[in-house]
Amino acid sequence: MSDLTPLAAEPTCLFCRIVAGTIPATLVASTPEAIAFRDIAPQAPVHVLIVPRAHLPSLDAAEDPALLGAVLALARQVAREQGIAEGGYRCVINTGDDGGQTVGHLHLHLLGGRAHGWPPG
Ligand code: AMP
């Protein structure tokens with residue numbers, strides 16, 4: 001996995017370190033652009049984080065449509081592989097302070113295996 005890690009990795013960033021394999025995570029899928037691993041504090045029966053390999057602080061910093069497409073495509077793939085595509089699922093990208101983002105590396109939450117209410121909290 002680390003062979004594909006871009007030079008843009010930030011050594012102090014938690015998710016860069018997971019991408020590099022220096023912090024363990026339960027990997028469920030991987031592509032040249034992104035990885036998918038289980039959230040350490042799951043909020044649903046299936047809670048997977050889709051994380052680009054390149055360090056981008058948030059969605060607001062992500063200017064490459066191809067990279068964003070790769071993140072979404074991996075979310076769709078994982079949803080199918082995890083068996084939640086038929087029942088439905090939610091994708092969330094918390095962005096910035098008001099968005100509730102706590103880790104400063106762009107990530108998409110894939111949540112499924114239960115019904116989700118609206119509006120969100
Ligand atoms: P956010 O609040 O949107 O920035 O989401 C950050 C997510 O990262 C939270 O759902 C955390 O539970 C999750 N998280 C934090 N540390 C780890 C870790 N070491 N492995 C997996 N997930 C983590």
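Counting begins at 1 with the first residue of the sequence. Excluded from the calculations below are hydrogen atoms, water molecules and symmetry mates; all remaining heavy atoms, backbone and side chain alike, are included. Ligands are counted one by one from 1 in listed order, and the atoms in each one are counted from 1 as well.
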Determine all donor-acceptor pairs shorter than 3.5 Å in which one atom belongs to a side chain in residues 67-80; sequence neighbours excluded.
unit_1: Gln77; atom_1: NE2; unit_2: Glu81; atom_2: OE2; d: 3.0

### Task
Find out whether Pro52 and Glu33 are in side-chain contact, i.e. whether some heavy atom of one side chain is under 4.5 Å from a heavy atom of the other.
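Sidechains of Glu33 and Pro52: no contact.
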### Query
Does the side chain of Ile35 come within less than 4.5 Å of Leu27's, by heavy atoms?
yes
### Message
Considering only residues two or more places apart or on different chains, which pairs with a residue in residues 29-52 satisfy ring pair (Phe, Tyr, Trp, His ring centres under 6.0 Å)?
### Response
Phe15-Phe37, His47-His109
### Message
Quick one: does any side-chain atom of Thr95 pair with a main-chain N or O of Ile93 as donor and acceptor, under 3.5 Å?
### Response
yes
### Query
At a 4.0 angstrom heavy-atom cut-off, what protein residues surround ligand 1?
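The answer is Leu14, Phe15, Ile18, Phe37, Arg38, Asp39, Ile40, Ala41, Leu49, Asn94, Gly100, Gln101, Thr102, Val103, His107, His109, counting any residue whose heavy atom sits under 4.0 Å from ligand 1.
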Using distance only, find each side-chain donor-acceptor pair of residues 113-121 under 3.5 Å and give its atom names and separation, not counting sequence neighbours.
unit_1: Arg114; atom_1: NE; unit_2: Gln43; atom_2: O; d: 3.1
unit_1: Arg114; atom_1: NH2; unit_2: Gln43; atom_2: O; d: 2.7
unit_1: His116; atom_1: ND1; unit_2: Arg114; atom_2: O; d: 3.2

